[in-house]
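Worksheet: one structure, shown below.
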Amino acid sequence: MKAAGRSVRTRLRDHLAASDPGLLRLTAGLRTVGAIALTLAVLASAGFDVTHLVAGAMAAMVATFAIREKQRGAQAVTLAVGLPVALVSVSLGAVLSERVVVGDAFFVVLIFAAVYGRRFGDRGTALGLIGFQVYFVSLFVGASAAQLPGLWAALAVAFACSALVRFAVVPVTPAGLLLRLRTAFRARLGRLVSAQLALLDAGPDEVDKALEDMREGTARLHETALMIQSRLEEGTPDESTARLVQRRIADAEIAAERLGLLLLSARSAQRADTLTLHLPGAPAPEVSRLPGPDEATAVLRRDLLALRALVVRTGAGGTGVAQLRNRLLGYRDEENLPVATPAVRDVFRAVGETARAVMGLRIALEGPQDESDDSPATARSREELDAEDAAIDAGEEAEAAEQPTGLRRPTTRAAVQVSVGSTLAIVGGELLSAHRWYWAVLTCWIVFINTASTGEILVKGYRRLLGTVFGVVAGILLAALVGRHTLTAFVLVLVLIFAMFYTAPLSYTLMSFFVTAMLGLLYTLLHTYSWEVLVLRVEETALGAACGVVAAALVLPVNTDRRTNELLVTVLERLAEVTEAAVGQLSGGPVGDLLDKARELDQALGDLRAATQPLTHPVTPLRARRTNARYVVALLETCAYHARSLAATAELLPTHPSIAADPRLRGAAGRTVRNIVTIADRVADEDVTAPVETGPSIASLLGGDGTARYGRITDRVLRHLERLDEAVVGLARPLSVPVKSPDR
């Protein structure tokens, strides 16, 4: 029974880790609710009235979510500096509340300063948020100069409670967060292997669903890998350890993705295109049962189950785990490969490579393992890993990128835009309501946060309005149910706040829904509730979103096409850098920091993916454009996968006994790099007319006939180079770049 109980707890923990990597959403929700609940308890026990309770609760929420630094010391400093900022802000809000023109003018200046402060990093962003939000709180509760002493006390209690919950009740250290992210990576890797198992057994009518699950699992594993890499420096004791974990995470991700692709190819009537794994909604290729003897399929199913056990098993393991590991690693040395077609045997080799990556990751994260039961194949894999670990050096610091100045600086442009939009929102909002005009300003402010183009602002405004409309309905129902029961209302407020922070990274519409429903309860507590007030909230929200879009479109505009083109050029430049550096190292060139370059490529691609949301949003009327944008992003993800794989292979070159440099690779891959640069030049300048070149296969450029086998590692390099070359040429058509066929 105890073992069963532990198993259930383990499954629940893994499910939570996979759905919420690092428990970031859960931590944010618990911290915010804890700070608010503690603030309410202290203020209520001290005899404060409902107005001060609401102000304290909202201030505690702001003090909790505004702090984004990763180091605890920096968080403490920002909280300490944030309290005086909040006191000044609430004081000015109360004093200026009776001076309409001066108060409105100051509010616009405050908004400009808050957005402009983002240029100073996390602390500048946090202090700007605190200043703006606390000023909003003073307007929301109708603060007056006579209430200031009580409001100062409420704010001081709120900040103290926020600090207590942050540092004592729900503490998060960089090392602890990294540990939870590693658990999430393991859980998501296990889910991806489960999806691959489902693909192995899927019938003809089930393949599309199995492929979609595998595609989603691959994307989520990559998302977690990026989250880990962004926190390595703070969560590891030194740079060498950080680079080791980064390499092992990349190895495991690439190996798992390659295993899925080879499995799909083995089940397909023809070679599966890598694009199939990256294009959402792409139909699965025509599949049949796995070719070859049924015994091979049964063995592969058993080995995938064993691989999943290696992934999800925690702790030292034991003899049984060692036997599983030894069997799978034997496939790397061609041991016990079943009788099967070459495509199926490649899947078994990929299982072995993934098992090796899992072992390397476990050693990097948990330290030395028990080697007493190692087979010769496992011992050789350990020797390779040890040699790779010893070859890691600190690397060179990246040069700082040149930053734009003046109005070209994003923070300056956004500050001007949001100031203009807020001015329009103040004027229009006061025409709608002389007492609650600030809702329009709040919406205008929010739609500019973490957006960079007119299209992004439009989509965010639409989502906020949609969530607000449904939230108003919920607010009316909740207010009617709660009535005058203050305690019940505060409990429901805490529940809605937790839901708001837990769902915020997943859906901005859901977050807006919970915010608006919560506001209905707050109005009830303040005895200012009516359904007209909530309807006015919808009107003010629509007005604020419209003002934000107008300001973004007319003042220093950055249209979506320009934004996506700039990011597309950056992605292509990073792709060219990674490819050229990896091929150079595989050709015998100097050793470089390839994984950092690959990480920069992934970050640039993530920025592009976010910027294309206005183009790929379901409500966009430009269907052909949406399809084109999704296709381009999927092709770039395919290119990034092959570039990461080349970089990972090149990183093994100095220590791996099976990999030798081949100077011919540089010339063979030169065409691919030139094509990437040509496409980037075309996107940056439409007057560029240089075509993309096509020609003989990469293998034939090495002096072969395109069919000769060069050995497992060289074959893999050639396969990645050829798929990358094909994907780059495929980018030419949707980006309107001419293609030049080879002369005959």
Judged by atom type as modelled, is there a donor-acceptor pair below 3.5 Å linking the side chain of [X] to the main-chain atoms of [Y]?
{"X": "Ser162", "Y": "Ala158", "answer": "no"}
{"X": "Arg31", "Y": "Val170", "answer": "yes"}
{"X": "Arg574", "Y": "Glu600", "answer": "no"}
{"X": "Ser138", "Y": "Val90", "answer": "no"}
{"X": "Thr224", "Y": "Arg220", "answer": "yes"}
{"X": "Thr39", "Y": "Ala35", "answer": "yes"}
{"X": "Gln75", "Y": "Glu69", "answer": "yes"}
{"X": "His222", "Y": "Ala219", "answer": "no"}

Completion exercise
In terms of heavy-atom contacts, Gly131 and Leu110 come closest through O-CD2, 3.6 Å
Check: [Y] and [X] side chains under 4.5 Å, non-hydrogen atoms:
{"X": "Arg166", "Y": "Leu79", "answer": "yes"}
{"X": "Leu521", "Y": "Phe490", "answer": "no"}
{"X": "Leu608", "Y": "Thr612", "answer": "yes"}
{"X": "Arg436", "Y": "Leu139", "answer": "no"}

Do we see a donor-acceptor contact under 3.5 Å between the side chains of [X] and [Y]?
{"X": "Thr125", "Y": "Arg118", "result": "no"}
{"X": "Thr516", "Y": "Arg537", "result": "yes"}
{"X": "Thr64", "Y": "Thr32", "result": "no"}
{"X": "Ser433", "Y": "Glu540", "result": "no"}

Problem - Pair listing, ring pair (Phe, Tyr, Trp, His ring centres under 6.0 Å) test, anchored in residues 152-174, at least two apart - result: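 For residues 152-174, and leaving out neighbouring residues, there are no ring pair (Phe, Tyr, Trp, His ring centres under 6.0 Å) pairs at all.
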Handout entry: Phe514-Phe501 aromatic ring centre distance below 6.0 Å
Key = no
Practice task
May I ask you to check whether Phe136 and Trp439 place their ring centres under 6.0 Å from each other?
Solution key: yes
Find the distance between [atom1] ([X]) and [atom2] ([Y]) and round it off to the nearest 0.5 Å.
{"X": "Leu458", "Y": "Arg463", "atom1": "CG", "atom2": "CZ", "answer": "10.5 Å"}
{"X": "Gln133", "Y": "Phe65", "atom1": "CD", "atom2": "CZ", "answer": "4.5 Å"}
{"X": "Leu83", "Y": "Ile130", "atom1": "CG", "atom2": "CD1", "answer": "9.0 Å"}
{"X": "Phe185", "Y": "Ile228", "atom1": "CZ", "atom2": "CD1", "answer": "6.0 Å"}
{"X": "Arg413", "Y": "Gln417", "atom1": "CZ", "atom2": "CD", "answer": "6.0 Å"}
{"X": "Met511", "Y": "Arg464", "atom1": "CE", "atom2": "CZ", "answer": "6.0 Å"}

Handout entry: Identified side chain to side chain contact (heavy atoms under 4.5 Å, CB included) partner of Ile111 from the options Thr423, Ile426, Val441
Key =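 So, applying the side chain to side chain contact (heavy atoms under 4.5 Å, CB included) to Ile111 and each of Thr423, Ile426, Val441, only Val441 qualifies.
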Handout entry: side-chain contact (heavy atoms from CB on, under 4.5 Å) evaluation trace for Leu506 with Leu510
Key = CA-CA 8 Å; Leu506 301 178; Leu510 268 180; 6.0 Å; no
Exercise for the section: Verify the neighbour count for atom CD of Glu532: are there more than 12 heavy atoms of other residues, nucleotides or ligands below 6.0 Å? Expected result: yes
Handout entry: Test: Glu566 and Arg562 ion pair at under 4.0 Å
Key =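 Yes, charged N to carboxylate O under 4.0 Å.
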Problem - Carboxylate-amine/guanidinium proximity below 4.0 Å for Asp20 and Arg25 - result: yes
Handout entry: Thr27/Tyr502 under side-chain contact (heavy atoms from CB on, under 4.5 Å): CA gap, chis, key distance, verdict
Key = CA-CA 9 Å; Thr27 300; Tyr502 194 78; over 6 Å; no
Practice task
Take Val62 and Leu129 through the test side-chain contact (heavy atoms from CB on, under 4.5 Å) and record every step on the way to the result.
Solution key: CA-CA 8 Å; Val62 173; Leu129 275 171; 5.5 Å; no
Practice task
Indicate the ring-plane relationship of Tyr135 and Phe106, choosing parallel, tilted or perpendicular according to the 30° and 60° boundaries.
Solution key: tilted
Exercise for the section: For side-chain contact (heavy atoms from CB on, under 4.5 Å), just list the numbers for Val473 and Phe513, CA-CA rounded to whole Å, side-chain angles, deciding distance to a tenth of an Å, and then say yes or no. Expected result: CA-CA 9 Å; Val473 177; Phe513 167 81; over 6 Å; no
